[in-house]
Amino acid sequence: MPFTLQPLPFAPDALEPHISQTTVEFHHGKHQQAYVDNLNKALEPYPFFANWSLEQLLLYSSQLPSDIRTSVRRNAGGVYNHQFYWSTMQPAAAPPSMPEGTLMQAMQAFFSSFDAFVAAFKNAAIQVFGSGYAWLVRLQDGSLAIITTANQDTPLPNGLIPGLCIDVWEHAYYLDRQNRRAEYIDHWFALVNWQAVARNLFNR
Ligand code: MN
């Protein structure tokens, strides 16, 4: 099978008390695993695409056979988005992280301050209707922006460079916070690894 479940970059209990071990285990071991399995199943009849990366599948999905195009886009997006989500979080016990240098300057330039960015990002994440993600992205002109995507869509086909995402599907927080998405967003912010965000945005 070409795609496998990428291990978490931390222990499943490392995000507590902000995100519980149970949520992390279900989110990673059941939800993310299902996207991996369904992506592999969709691609099985077409070994030609076996060596395509997730990014290639998402960027060039229009070249895929029509009978698997939607399934591959959804499931490759599900794998990509979850890998991205975990990769910009750090254990709760790690030293608190803050944007520095280029990233902090960009925050001030494009959102007026880091606090204003946090407020705008939180608002965007709250406003996602149904299931989806909020993202901090870099545009082709170098500016930063907050966008949202529905379901398992990714920013990649629009030429955007993703720096940070929050998953606001209910499975990301319902066991811990029930319908209190705003509370989940506040707890998630305490886990963001801003060094990883800066690498995503600027070191490419
Ligand atoms: Mn999810």
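Atoms within a ligand are numbered from 1 in the order they appear, just like the ligands themselves. When reading the values below, keep in mind they use all heavy atoms of this one structure, side chains included, and skip hydrogens, waters and symmetry mates.
- In this structure, H187 and H18 have tilted ring planes: the angle between them lies in the 30° to 60° band.
- Note: F49 and W52 have perpendicular aromatic rings, judged against thresholds of 30 and 60 degrees for the angle between ring planes.
- Using a 4.5 Å heavy-atom threshold, the side chains of Y133 and V168 count as separate.
- A side-chain hydrogen bond (donor to acceptor under 3.5 Å, both in side chains) check over residues 21-31, counting only residues at least two apart or in different chains, returns the pairs S20-T23, Q21-E25, T23-D176, H27-H82, H27-D167, H27-H171, H31-H171.
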Pairs under 3.5 angstrom only: tabulate donor-acceptor contacts from the side chains of residues 85-109 to other protein residues two or more places apart or in another chain.
{"from": "Y85", "atom 1": "OH", "to": "Y184", "atom 2": "OH", "distance (Å)": "2.8"}
{"from": "W86", "atom 1": "NE1", "to": "Q32", "atom 2": "OE1", "distance (Å)": "2.7"}
{"from": "S87", "atom 1": "OG", "to": "F84", "atom 2": "O", "distance (Å)": "2.8"}
{"from": "T88", "atom 1": "OG1", "to": "Y85", "atom 2": "O", "distance (Å)": "3.4"}
{"from": "Q90", "atom 1": "NE2", "to": "P95", "atom 2": "O", "distance (Å)": "3.1"}
{"from": "S97", "atom 1": "OG", "to": "W194", "atom 2": "N", "distance (Å)": "2.9"}
{"from": "S97", "atom 1": "OG", "to": "Q195", "atom 2": "OE1", "distance (Å)": "2.9"}

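- Under the side-chain hydrogen bond (donor to acceptor under 3.5 Å, both in side chains) criterion, Y174 pairs with no residue, sequence neighbours left out.
- Around the Mn ion (ligand 1), protein N, O or S atoms at less than 2.8 Å number 4.
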